[in-house]
Number of protein chains: 2
Amino acid sequence: MNSTIETILNHKSIRKFKDTAITHHQLDLIIRAAQQASTSSYMMAYTIIGITDPTKKAVLAEVSGQPYVKDNGHLLVFCADLHRPTKQASEEDFSQMTENLENSEHFLVSAIDAALAAQNAAIAAESMGLGICYLGSLRNNLGKVDELLSLPKHVIPLFGMAIGEPAHGPDRKPRLPKQAVYFENEYQEHDESINQFDEQMATYYQSRSSNNRADTWTKQMHRRFAKTIRMDVTDLVQKKGFNKR
Amino acid sequence: MNSTIETILNHKSIRKFKDTAITHHQLDLIIRAAQQASTSSYMMAYTIIGITDPTKKAVLAEVSGQPYVKDNGHLLVFCADLHRPTKQASEEDFSQMTENLENSEHFLVSAIDAALAAQNAAIAAESMGLGICYLGSLRNNLGKVDELLSLPKHVIPLFGMAIGEPAHGPDRKPRLPKQAVYFENEYQEHDESINQFDEQMATYYQSRSSNNRADTWTKQMHRRFAKTIRMDVTDLVQKKGFNKR
């Protein structure tokens with residue numbers, strides 16, 4: 001197994017960072033790595049905003065509810081950006097473009113473009129010994145984040161990423177068995193693998209070093225979906241000109 | 001610079017593969033790498049389908065319009081999967097869950113989860129000397145792909161990935177200048193970088209080894225958005241129980 005695959009398989013989300021800023025060189029490599037990801041039809045339909053202003057970090061930490069959004073080596077916000085590819089169009093051309101631009105196909109394109117770039121950034125950071133944590137929690141109040149970063153129409157925040165020197169060593173979190181997520185030629189209902197995973201997770205949650213409890217993956221998922229969350233995402237997204245048709 | 005970052009920065013989409021299947025060991029590492037990606041709230045909201053049936057490959061190649069969807073070392077289809085996390089729920093609990101499940105927040109969650117997994121797969125493959133190409137072109141006829149793979153409700157195909165031994169060595173495609181995609185603390189309109197990139201791309205398109213033409217990035221984007229494409233994605237996505245509210 002080569003060192004790249006070792007880095008990938010060794011991933012753990014880091015939620016406690018040392019009080020050391022990452023270097024300019026590290027940041028430069030992380031952003032260059034992000035940029036080299038594949039992109040749909042060459043759109044590069046994303047923008048990355050690095051947050052260095054402590055006041056802005058504090059607001060984002062409040063939105064997220066997580067202290068490591070404030071206390072880390074660097075904080076990135078990944079945005080879907082369909083504004084850049086349509087800049088410099090005449091008013092008439094632009095109004096013709098909006099039907100295509102604002103459909104759910106291009107909502108998908110920009111979200112996927114941003115995610116591919118982000119995962120390259122994550123792997124690049126981890127390959128240098130840094131830790132990362134994705135922050136979907138910025139979507140707790142997408143409108144606030146959008147305003148804070150002064151995003152124009154056709155640009156929306158999707159998620160953040162905290163980066164820095166790890167200050168803890170969490171357990172590597174198990175994944176579903178391969179049989180439950182990878183199939184050949186058609187979808188299969190592989191309940192057996194999920195049950196097996198639930199048993200494994202029951203043991204994991206009872207025995208792990210912190211926050212141990214009686215739980216399974218399936219129970220956790222059912223609790224998650226029983227709560228109605230982030231129903232306001234739709235409105236903000238559409239107000240900004242995404243996912244409208 | 002370490003070898004992982006070298007692999008990432010060296011990415012080129014490969015569109016011509018040798019007639020050699022990837023090995024079971026390579027495939028196993030690629031899927032394990034995909035599975036270790038970060039996942040929103042531990043949902044692992046994606047499924048990967050490997051296509052080995054030549055008839056199915058031929059149908060997907062027709063949908064995509066690309067010969068390398070048929071002729072490669074392996075073909076993966078990445079799907080958003082919100083079915084697995086809500087399995088085994090009682091009918092009553094499930095009907096309560098659907099409001100949350102079917103909102104655009106969870107459409108985003110599953111698309112991002114799938115994309116993070118896919119990019120890990122891509123980097124793992126490239127680190128072993130294989131080439132890859134993403135296939136957003138499967139969304140040319142999402143309904144057909146959905147049916148072909150027998151995907152249940154709350155599972156939709158998002159994109160494919162062709163993998164294999166490269167049979168050509170394309171140029172590394174330039175990216176927008178860092179100044180155009182990375183900002184500090186707030187969004188900036190960095191038109192100067194985009195103009196500079198347009199000039200660079202005009203030279204690139206005139207001088208590259210194949211398919212040379214007079215073009216710029218901005219012109220290419222404007223042409224892309226002038227055509228209305230994939231307006232049927234919305235209907236299929238909603239019919240399958242995604243992005244409904």
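In what follows, every chain begins at residue 1, and chains take the letters A, B, ... in the order their sequences are listed.
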Chain A heavy atoms under 4.5 Å from [X]: which part of the residue, side chain, backbone, both or neither?
X        : result
B:Pro157 : neither
B:Leu75  : neither
B:His25  : neither
B:Leu27  : side chain
B:Met201 : side chain

Heavy atoms only, distances under 4.5 angstrom: which of [options] has the most pairs with chain B? Name it, please.
options                               : value
A:Leu149, A:Val181, A:Ile8            : A:Val181
A:Ile132, A:Leu148, A:Val155, A:Thr7  : A:Val155
A:Ser13, A:Ala180, A:Ala226           : A:Ala180
A:Ala33, A:Gly136, A:Ser137           : A:Ala33
A:Met44, A:Gln96, A:Lys12             : A:Met44
A:Leu76, A:Asp113, A:Ile194, A:Thr218 : A:Ile194

### Query
What's the verdict on side-chain contact (heavy atoms from CB on, under 4.5 Å) for A:Thr39 and B:Tyr134, showing C-alpha distance, side-chain angles and the deciding distance?
CA-CA 8 Å; A:Thr39 163; B:Tyr134 277 93; over 6 Å; no

### Query
If every non-hydrogen atom of B:Ser41 is compared with every non-hydrogen atom of A:Met221, which pair is closest and at what distance?
O-CE, 3.3 Å

### Query
Which atom names give the shortest non-hydrogen contact between B:Ala124 and A:Ile5, and what distance separates them?
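Distance-wise, the nearest heavy atoms are O-CD1, 3.9 Å.
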
Working to the nearest 0.5 angstrom, can you tell me the gap between [X] [atom1] and [Y] [atom2]?
X        : Y        : atom1 : atom2 : result
B:Leu135 : A:Ser38  : CG    : OG    : 10.0 Å
B:Asn195 : A:Lys87  : CG    : NZ    : 9.0 Å
A:Leu116 : B:Ile112 : CG    : CD1   : 10.5 Å
A:Gln220 : B:Met43  : CD    : CE    : 10.0 Å
A:Ile31  : B:Arg175 : CD1   : CZ    : 14.5 Å
B:Asn103 : A:Met231 : CG    : CE    : 5.0 Å

### Message
side-chain contact (heavy atoms from CB on, under 4.5 Å) for A:Phe183 and B:Ile48? Distances and angles first, verdict last.
### Response
CA-CA 7 Å; A:Phe183 311 126; B:Ile48 309 170; over 6 Å; no

Under 4.5 Å from any heavy atom of chain B, what part of [X] do you find: side chain, backbone, both or neither?
X        : value
A:Met128 : both
A:Arg230 : both
A:Phe94  : neither
A:Ile30  : neither
A:Arg172 : side chain
A:Leu108 : side chain

Measure the shortest side-chain to side-chain distance between [X] and [Y] over non-hydrogen atoms and say whether it is less than 4.5 angstrom.
X        : Y        : answer
A:Arg139 : B:Val109 : yes
B:Ile51  : A:Asn185 : yes
B:Tyr187 : A:Asp81  : yes
B:Ser3   : A:Asn2   : no
B:His83  : A:Glu189 : yes
A:Glu105 : B:Thr234 : no
B:Arg224 : A:Tyr42  : no
B:Ser40  : A:Phe159 : no

### Message
With a strict 4.5 Å heavy-atom criterion, list every residue of residues 235-245 of chain B that contacts chain A, or say none.
### Response
B:Asn243, B:Arg245

Flag for [Y]-[X]: side-chain donor and acceptor within less than 3.5 Å:
X       : Y        : answer
A:Gln36 : B:Asn10  : no
B:Thr86 : A:His222 : no
A:Thr4  : B:Ser127 : no
B:Gln88 : A:Asp191 : no

### Polar side-chain atom of B:Asn100 near backbone of A:Lys227 as donor-acceptor pair, under 3.5 Å
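Checking the backbone N and O of A:Lys227 against the side chain of B:Asn100, a donor-acceptor pair under 3.5 Å is found.
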
### Query
Sub-3.5 Å donor-acceptor pair from the side chain of A:Gln35 to the main-chain atoms of B:Leu176, do we have one?
yes

#### Entry: Pair A:Leu82-B:Phe225, side-chain contact (heavy atoms from CB on, under 4.5 Å): steps then yes or no
CA-CA 10 Å; A:Leu82 293 172; B:Phe225 282 102; 4.1 Å; yes

### Task
Using the salt bridge (Lys or Arg N to Asp or Glu O under 4.0 Å) rule, collect all pairs that involve residues 47-58 of chain B, keeping only residues at least two apart or in two chains.
none

### Winner by heavy-atom pair count (cut-off under 4.5 Å) against chain A, out of B:Thr228, B:Leu9, B:Leu158
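When all of B:Thr228, B:Leu9, B:Leu158 are compared, B:Leu9 has the most.
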
### Query
Looking at B:Ala114, B:Ala111, B:Ala115, which makes the most heavy-atom pairs under 4.5 Å with chain A?
B:Ala115

### Task
Could you check A:Ile49 against B:Tyr182 for side-chain contact (heavy atoms from CB on, under 4.5 Å), going step by step and ending with a plain yes or no?
CA-CA 6 Å; A:Ile49 304 196; B:Tyr182 179 74; over 6 Å; no

### Query
Does B:Glu147 CD have over 12 foreign heavy atoms under 6.0 Å away?
no

